[in-house]
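Per chain, numbering begins at 1; letters A, B, ... match sequence-line order. The figures that follow rest on heavy atoms only: side chains count, while hydrogens, waters and symmetry mates do not.
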There are 2 protein chains.
Amino acid sequence: MNMRERILLTAASLFESRGIHASGVDTIIAESGIAKATLYKHFPSKNLLIVAYLRDKSDRFYEWLNSRLSSKKANSLDILVELCELVEQWIMTPEFHGLPFHIASVEFPDPTHPINQYSAVLAVELQGYLSKIAAEAGAKDPEALGQQLTILFEGAALVERLSPGIGAAKRAKNAALTLIRASI
Amino acid sequence: MNMRERILLTAASLFESRGIHASGVDTIIAESGIAKATLYKHFPSKNLLIVAYLRDKSDRFYEWLNSRLSSKKANSLDILVELCELVEQWIMTPEFHGLPFHIASVEFPDPTHPINQYSAVLAVELQGYLSKIAAEAGAKDPEALGQQLTILFEGAALVERLSPGIGAAKRAKNAALTLIRASI
DNA sequence: TAACATAAAGACAGGTCTGTTCATTTATTT
DNA sequence: AAATAAATGAACAGACCTGTCTTTATGTTA
């Protein structure tokens, strides 16, 4: 019965299946079975709902990843190998519909728009996260490797979404492994 | 005074700076200085204008690329190296605002929508183009390398667009060169 | 000059969008 | 059981959307 959560879940599902602009507030309230005033009480504007959705999705992703990575010991490329496997899994889950902050940045391309800016923040966050792991793993240039992995994963997410079943995630994983091995 | 071309140019500029959904027909005609009836004569619907825009952008890209690649001789990785340089240049031009079929596929996520389907066609086209060059260059598994390069380039386009000046295109190029060298 | 095609300008219909408001009903808490 | 808080349902405003249509103006060709 948690309203906020119910709204976020419905919004996420709609944003990802129909797009953000194409998901009207009326549709969100109809689909989640709540009143319009309730939505606007929890999220004073649609933009703030979108930002909350982006934050929520990011949190869940890192939570999911951390819970599976923490057991590996540092100073070994094993962490990176494990990371690649997990990202491949993540992309291949049926619920995956592309990186949310990608979708958001494409739908709000104006760099001065708050949603575009927040998307950029989340993108930098992802890059920092991957670079940190690369550093822990002992990569020669962690910053470079982290960014390359980011590019690979974001690209794979896109290609897999646009051409499902083509195996983009697996190919990206193999490319990532090649890059990792070359970065010792 | 070519109306069709003028409409396409204005539409492209608006689609890329504001997004497709956010660029109304009224804005397109106001910006291009033509009458609404003229637009609907050349493009019977906005969807068909979008498709024409996607086709046009793709054509121009391959034209640009081919005119710079044709001089290189085959059966040498030099073609692929040259290709990477060119793609980096392409991404770094100020007019670049992301791959058009990406933007389109994100804004029209429904797989049954004609624009999403056409975007998928263009994505496959790009992959085939890169695989063909990889084959001509003598790569071991041209299909695999072509797809990996696709993923890298599409990822770099996204990251560069979302975080301009971060050097994503260059990093992607270096990653591509590593993959190319590993694919002999 | 006369006939014809093309473009302009703008009103219009029917729909959707975000966000506000208000009276009524349902929950929760003391 | 009484008082407070939260959610509902519905109507509303003002703006924007695509696509059609009509009238007036501008060229172009015979």
Handout entry: Joint cluster assignment, B:Ile166 & A:Phe153, ILVMFWY side-chain distance < 4.5 Å
Key =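 Cluster IDs for B:Ile166 and A:Phe153 match.
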When the ring planes of [X] and [Y] are compared, do they come out parallel, tilted or perpendicular, using 30° and 60° as the limits?
X       : Y        : value
A:Trp64 : A:Trp90  : tilted
B:His21 : B:Phe108 : tilted
B:Tyr62 : B:Tyr129 : tilted

Fill in the blank from the handout: From the candidates D:dT8, D:dA7, D:dG19, the one with an atom nearest any side-chain atom of B:Tyr40 is D:dG19
Protein N or O to nucleotides 10-17 of chain C N or O, pairs below 3.5 Å:
none

Rounded interatomic separation in angstrom, taking [atom1] from [X] and [atom2] from [N]:
X       : N      : atom1 : atom2 : result
B:Leu49 : D:dG19 : CG    : P     : 10 Å
B:Arg18 : D:dC16 : CZ    : C1'   : 13 Å
A:Ile20 : C:dT18 : CD1   : P     : 12 Å
A:Asn2  : C:dA27 : CG    : P     : 16 Å
A:Ile29 : C:dG19 : CD1   : P     : 13 Å
B:His42 : C:dA7  : NE2   : C1'   : 9 Å
A:Met3  : D:dT8  : CE    : C1'   : 10 Å
B:Ile7  : D:dG19 : CD1   : P     : 14 Å

Practice task
Mind checking B:Thr38 for me? I need base, sugar-phosphate or nothing, with any heavy atom below 4.0 Å counting as a touch.
Solution key: sugar-phosphate
Fill in the blank from the handout: Residues at least two apart in sequence or cross-chain that pass salt bridge (Lys or Arg N to Asp or Glu O under 4.0 Å) with B:Arg18, listed by chain then number, are none
Handout entry: Short N-O contact, A:Arg55 and A:Glu125, less than 4.0 angstrom
Key =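 Looking at A:Glu125 together with A:Arg55, the answer is yes, because their closest N to O distance falls below 4.0 Å.
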Practice task
Could you pick out which residue, B:Ala35 or A:Ser45, lies toward the 5' side of DNA chain C when each is mapped onto its nearest nucleotide?
Solution key: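 Result of the comparison: B:Ala35.
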Compile the donor-acceptor pairs under 3.5 Å between side chains in residues 29-52 of chain A and protein atoms, sequence neighbours left out, one pair per line.
from, atom 1, to, atom 2, distance (Å)
A:Ser32, OG, A:Ile28, O, 2.7
A:Lys36, NZ, A:Asp26, OD1, 3.0
A:Ser45, OG, A:Asn47, N, 3.4
A:Ser45, OG, A:Leu48, N, 3.3
A:Lys46, NZ, A:Ile20, O, 3.0
A:Lys46, NZ, A:Ser23, O, 3.0

